[in-house]
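Everything below concerns the one structure shown next.
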Number of protein chains: 2
Amino acid sequence: MPGQTKQMAGGDQNGAVSQRVAGYLREAILSGEIVPGERIRQEDVAARFGTSRLPVREALRILEAEGLTEHHMHKGARVPRLDRHEVDVIYQMRERLEPLALAESLPHLGEEQFRRLEDIQARIEANTDIAEFLALDREFHLLTYAGCPIEHLSSMVVRLWNSTQHYRRTFMNLSGPARRWVVNAEHRLILDAVERRDAVDAERYLSGHIRRTRIELSRHPEAFEGGRV
Amino acid sequence: MPGQTKQMAGGDQNGAVSQRVAGYLREAILSGEIVPGERIRQEDVAARFGTSRLPVREALRILEAEGLTEHHMHKGARVPRLDRHEVDVIYQMRERLEPLALAESLPHLGEEQFRRLEDIQARIEANTDIAEFLALDREFHLLTYAGCPIEHLSSMVVRLWNSTQHYRRTFMNLSGPARRWVVNAEHRLILDAVERRDAVDAERYLSGHIRRTRIELSRHPEAFEGGRV
DNA sequence: ATGCGCCTTATTGGATCCAATACACCGTAC
DNA sequence: GTACGGTGTATTGGATCCAATAAGGCGCAT
């Protein structure tokens, strides 16, 4: 499971167009270009790709099953809004699943990944831009899971990340840089345990890291008010 | 989240036909009518429903995103085979997520659900048929999660159950009834904790129950050999 | 001025058809 | 008799079109 968001459906390939459309929409939702509550019109997306509505419809089915859109008969697709408790529980799901993904990944990571993780973390520490931080943070974590051979687990982890991406961004925009040192310290502890191939330590640091983020996020109810259309 | 398998996609409704087709295929896969490795031809399914291929294609996209089918460009859909380690990890995922679903569900369960759970467990104890046991066992567990208000968590739990259903059935067919008393004892302990609304006990008993099943299942490599087409 | 009902338009669901791709079978050659 | 290549068929991906549904706007009445 590479650092970049990969198509997560079970097969490696549906129709090329529907996969590309699904990928585009997934990225648009994750980047905030399409915000919670916003409708997605099949005709608009089809026009943007110079394609017919059919691959767009298939793409929307995929995203719906991934939890990134919700559908109502004859009403079209919309990006769902999550409330604070829903996001809190999704973070608890991450708290429980990601350490398992990390443990499954560790045996399959090598020096090449360790070097890339060191580089990413150094760039996180040097960074001052929120959007870049979000991208690097995601890349850091997903790369530690990249060695996990279980597609079900990998795809669920990515799905949980995708579901909460909007709220992570909103939360980061609300917070100042004051807590960056905590994130960096935790990342360094995780990275150290990964390089030592100490699954017990790595799982514990990671679980604590996600839990701390979850609790900080839940202290910002205003992160759940935006995105209204 | 009712005991019956419910359509799990984010929206409550796509086109009625594609939802019905997805539901039918899901049931066919869960019941073993379509086994791992078997191909699913769009034309065959369309003919069975007296419909065109389009809702069938949409249904297949949904199932693929649920992990129940895998797809290759121009090759059609197939139910994937899982190996012993993949099933083992999926059970570990269940071990971690289902206690969370149970904890989220508990505050919303009432006397009506408790009565139904008692009835289901009594029928499990009186039962001697494997297929019926599988159905009742699933109904028992999913009913304890029925009060969980977080759709992401509920749908992931059902998805994990669906992914391993074939191997549970194969395993039950291989085992004798000798271990039934263990299942019943664990169910009774879970039920007692649920009725006392003791989330800590309920989570612990449930986690142990799933873990024991996982370990017993992993001791039967022959459960992973069947289903070859 | 506001509310309700009706009509029209926008959007989606499904059918049909055509193009493309993959696989299987048959024929020929060695 | 076996292997390889070519062709045809089966199946899927996407385009187009029609039917159905929902929502919004407009007009009329109170």
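Chain A is the first sequence line, chain B the second, and so forth, proteins listed ahead of strands; every chain is numbered from 1.
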Check: Over how many whole Å does the gap from A:Arg61 atom CZ to D:dG13 atom P extend?
Finding: 16 Å
Are any protein N/O atoms closer than 3.5 Å to N/O atoms in nucleotides 18-21 of chain D? If there are, list each pair with its distance.
unit_1, atom_1, unit_2, atom_2, d
D:dT21, O4', A:His74, NE2, 3.4

Item checked: Residues that B:Asp119 engages under salt bridge (Lys or Arg N to Asp or Glu O under 4.0 Å), provided they are two or more places apart -> B:Arg123
Notebook entry, point to check: Could you give the CD-to-C1' distance, from B:Glu43 to D:dG13, as a whole number of Å?
Noted result: 14 Å
Item checked: Nearest-Å distance for atom pair CD/C1', residues A:Glu58 and C:dT12 -> 15 Å
Notebook entry, point to check: In whole Å, what is the span from the CZ atom of B:Arg20 to the P atom of C:dG13?
Noted result: 15 Å
Note to self: Looking only at the side chain of A:Ser52 (C-beta and beyond, no hydrogens), which of the listed nucleotides D:dT16, C:dA15, D:dG13 gets closest?
What the structure shows: D:dT16
Checklist line | Distance in angstrom units between B:Arg78 CZ and C:dA22 C1', rounded | finding: 13 Å
Check: Side chain of A:Arg57, base of C:dG14: donor and acceptor closer than 3.5 Å?
Finding: yes
Margin query: Looking at C:dA15, I'd like to know if its phosphate oxygens (OP1 or OP2) sit under 4.0 Å from a side-chain N or O belonging to B:Thr51.
Written below: yes
Margin query: Please check if the number of heavy atoms outside B:Arg197 that lie under 6.0 Å from its CZ is greater than 12.
Written below: yes
Checklist line | Partner of A:Asp88 by salt bridge (Lys or Arg N to Asp or Glu O under 4.0 Å), out of A:Arg211, A:Arg94, A:Arg214 | finding: A:Arg214
Next item on the list: Check ring pair (Phe, Tyr, Trp, His ring centres under 6.0 Å) between A:His209 and all other residues, then give those that pass, not counting sequence neighbours.
Entry: A:His141, A:His187
Notebook entry, point to check: Between B:Ile40 and B:Leu54, which is nearer to the 5' end of DNA chain D once each is assigned its nearest nucleotide?
Noted result: B:Ile40
Notebook entry, point to check: Side chains of B:Ile62 and B:Arg26: closer than 4.5 Å at any heavy-atom pair?
Noted result: yes
Check: Does the side chain of A:Arg115 reach to within under 4.5 Å of the side chain of A:Glu112, using non-hydrogen atoms?
Finding: yes
Checklist line | Under the ring pair (Phe, Tyr, Trp, His ring centres under 6.0 Å) test, residues paired with A:His220 that sit two or more places apart | finding: A:Phe171
Check: What nucleotide among D:dG13, C:dA15, C:dG13 has an atom nearest to a side-chain atom of B:Pro55?
Finding: C:dA15
Next item on the list: May I ask you to verify if any side-chain N or O of B:Gln42 is less than 4.0 angstrom from the OP1 or OP2 atom of D:dG13?
Entry: yes
Next item on the list: Flag the pair A:Glu203 and B:Arg96 as a salt bridge only when some basic side-chain nitrogen lies within less than 4.0 angstrom of an acidic carboxylate oxygen.
Entry: yes
Checklist line | B:Ser18 side chain near C:dG13 phosphate (N/O to OP1/OP2, under 4.0 Å) | finding: no
Checklist line | By ring pair (Phe, Tyr, Trp, His ring centres under 6.0 Å) - contacts of B:Tyr24 (at least two apart) | finding: B:Phe49
Next item on the list: Check whether any side-chain heavy atom of B:Arg20 lies under 4.5 Å from a side-chain heavy atom of B:Thr51, and answer yes or no.
Entry: no
Check: Taking CD from B:Glu64 and P from D:dT12, how many angstroms apart are they, rounded to a whole number?
Finding: 13 Å
Mind listing the N/O atom pairs, protein and nucleotides 23-25 of chain D, below 3.5 Å?
unit_1, atom_1, unit_2, atom_2, d
D:dA23, OP1, A:Lys75, NZ, 3.2

Check: Does D:dG13 have OP1 or OP2 sitting under 4.0 Å from an N or O in the side chain of A:Gln19?
Finding: no
Notebook entry, point to check: So what does A:Leu60 touch, heavy atoms closer than 4.0 Å: a base, only the sugar-phosphate, or nothing?
Noted result: nothing
Check: Just how far, in rounded Å, is C1' of D:dG13 from NE2 of B:His72?
Finding: 16 Å
